[in-house]
Amino acid sequence: MKARPACIPCCLARALRMCQVVTEDEWLHRKVLCEVMGPVAEMKLDAAPAELAHEVLRLTSRILGVPDPYADRKALWYEEALGAADPIGEEISASDDPMLAALALSAAANIFDSELEGSPDLSAIRAAGRTREIIGDGVEDLLGDLGQARQILFVHDSAVEILFDRFLIERIGAERVTSVVRSAPVAADAIELDAGRVGLVSGG
């Protein structure tokens, strides 16, 4: 899917949210947006929306001079989420189908991803994960493919999701999985530091 004109104000809104995470200085907010809008106006819309957003947020972070604007929020989130890791793991193990339970929880965390605006609702993620319909269609085919695959590349997205991805990887079999995260922060995406926090290591 290619980006459309409506993607531009959406990206600028995300850039503003990033500015607000870093500082309350509205003069600086305006300065950053003005500097971002020039390159944005020249960007071609033949890329995917995610690529457009990536460039806008990377530029915003550079102008702000803050490599990881969401670092403090991620640290608070991990403190809360890791505090509940053992009960979550026990609930998955006690499920009638632990693989499906882990898959549903990982999907729920993906849906609740919100760039750490405030604190993501951990209890809501867990509740949504108990609703197996959240997985959607094609689950049997996916599980069949996972069972047959010798090596699996698991591309992680946001910091909110990565702990729940770990529960799924444990069910798949960590020895067959290679985890991939961003090499540098973009918004609240997971990086190597975050993977280490939740007990994931590269290379499977």
Side-chain angles (χ1 to χ4, degrees), residues 1-82 106-125 128 134 153-166 179-198 200 202:
M1 182 176 70
K2 293 184 178 180
R4 303 178 66 182
C7 295
I8 295 174
C10 179
C11 288
L12 291 175
R14 291 183 66 183
L16 177 59
R17 288 199 297 272
M18 180 179 284
C19 291
Q20 291 167 338
V21 167
V22 173
T23 177
E24 297 180 356
D25 187 342
E26 293 188 349
W27 178 87
L28 183 55
H29 297 171
R30 182 179 184 278
K31 178 179 185 296
V32 171
L33 290 174
C34 288
E35 291 192 29
V36 167
M37 279 190 279
V40 168
E42 298 176 0
M43 290 179 182
K44 295 181 179 180
L45 295 182
D46 56 358
E51 293 178 276
L52 180 63
H54 173 88
E55 288 303 314
V56 169
L57 295 177
R58 184 179 60 83
L59 179 59
T60 300
S61 178
R62 188 168 73 237
I63 295 171
L64 286 169
V66 181
D68 191 354
Y70 290 87
D72 291 343
R73 292 192 179 191
K74 287 195 289 185
L76 290 173
W77 165 247
Y78 286 123
E79 183 178 352
E80 178 184 2
L82 288 171
S106 179
N110 183 277
I111 290 171
F112 276 80
D113 174 22
S114 60
E115 291 189 357
L116 293 166
E117 294 176 25
S119 177
D121 192 333
L122 181 59
S123 61
I125 293 174
I134 200 171
L153 185 68
F154 201 123
V155 181
H156 302 279
D157 186 12
S158 80
V160 172
E161 303 163 29
I162 194 167
L163 172 64
F164 303 99
D165 292 342
R166 191 199 80 189
S179 286
V180 176
V181 294
R182 287 195 183 275
S183 60
V186 176
D189 289 346
I191 57 175
E192 185 176 359
L193 174 63
D194 304 316
R197 280 170 165 160
V198 302
L200 285 174
S202 302

Over all atoms of both residues, closest heavy-atom pair of [X] and [Y]:
| X | Y | answer |
| --- | --- | --- |
| Tyr70 | Ala188 | CD1-N, 3.8 Å |
| Arg14 | Ala53 | NH1-CB, 3.5 Å |
| Ala187 | Asp68 | O-OD1, 4.2 Å |
| Leu52 | Cys7 | CD2-CB, 3.9 Å |

If I take atom [atom1] from residue [X] and atom [atom2] from residue [Y], how far apart are they, to the nearest 0.5 angstrom?
| X | Y | atom1 | atom2 | value |
| --- | --- | --- | --- | --- |
| Met37 | Cys11 | CE | SG | 13.5 Å |
| Lys44 | Lys2 | NZ | NZ | 11.0 Å |
| Arg58 | Arg182 | CZ | CZ | 11.0 Å |
| Leu57 | Arg62 | CG | CZ | 12.5 Å |
| Ile162 | His156 | CD1 | NE2 | 5.0 Å |
| His54 | Glu51 | NE2 | CD | 9.0 Å |

**Prompt:** Got a sec: does the CZ of Arg4 have more than 12 other heavy atoms crowding it under 6.0 Å?
**Reply:** no
Side chains of [X] and [Y], heavy atoms from C-beta outward: is any pair under 4.5 Å?
| X | Y | value |
| --- | --- | --- |
| Leu64 | Leu28 | yes |
| Ile125 | Val160 | yes |
| Trp77 | Leu122 | yes |

**Pairs where residues 21-33 contributes a residue and the test side-chain hydrogen bond (donor to acceptor under 3.5 Å, both in side chains) is met, not counting sequence neighbours** =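 For residues 21-33, and leaving out neighbouring residues, the side-chain hydrogen bond (donor to acceptor under 3.5 Å, both in side chains) pairs sorted by first residue read Lys31-Glu35.
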**Message:** Run the salt bridge (charged side-chain N to carboxylate O under 4.0 Å, His left out) test against Asp194 and tell me which residues pass, sequence neighbours left out.
**Reply:**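 With neighbours one apart ignored, the set is Lys74, Arg197.
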**Item:** With sequence neighbours excluded, residues passing side chain to side chain contact (heavy atoms under 4.5 Å, CB included) with Val36
**Value:** Leu12, Val32, Val40, Val56, Leu59, Thr60, Ile63
**Prompt:** Does Ser61 reach the main-chain N or O of Val66 with its side chain, forming a donor-acceptor pair under 3.5 Å?
**Reply:**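 Side chain of Ser61 to backbone of Val66: a pair is present.
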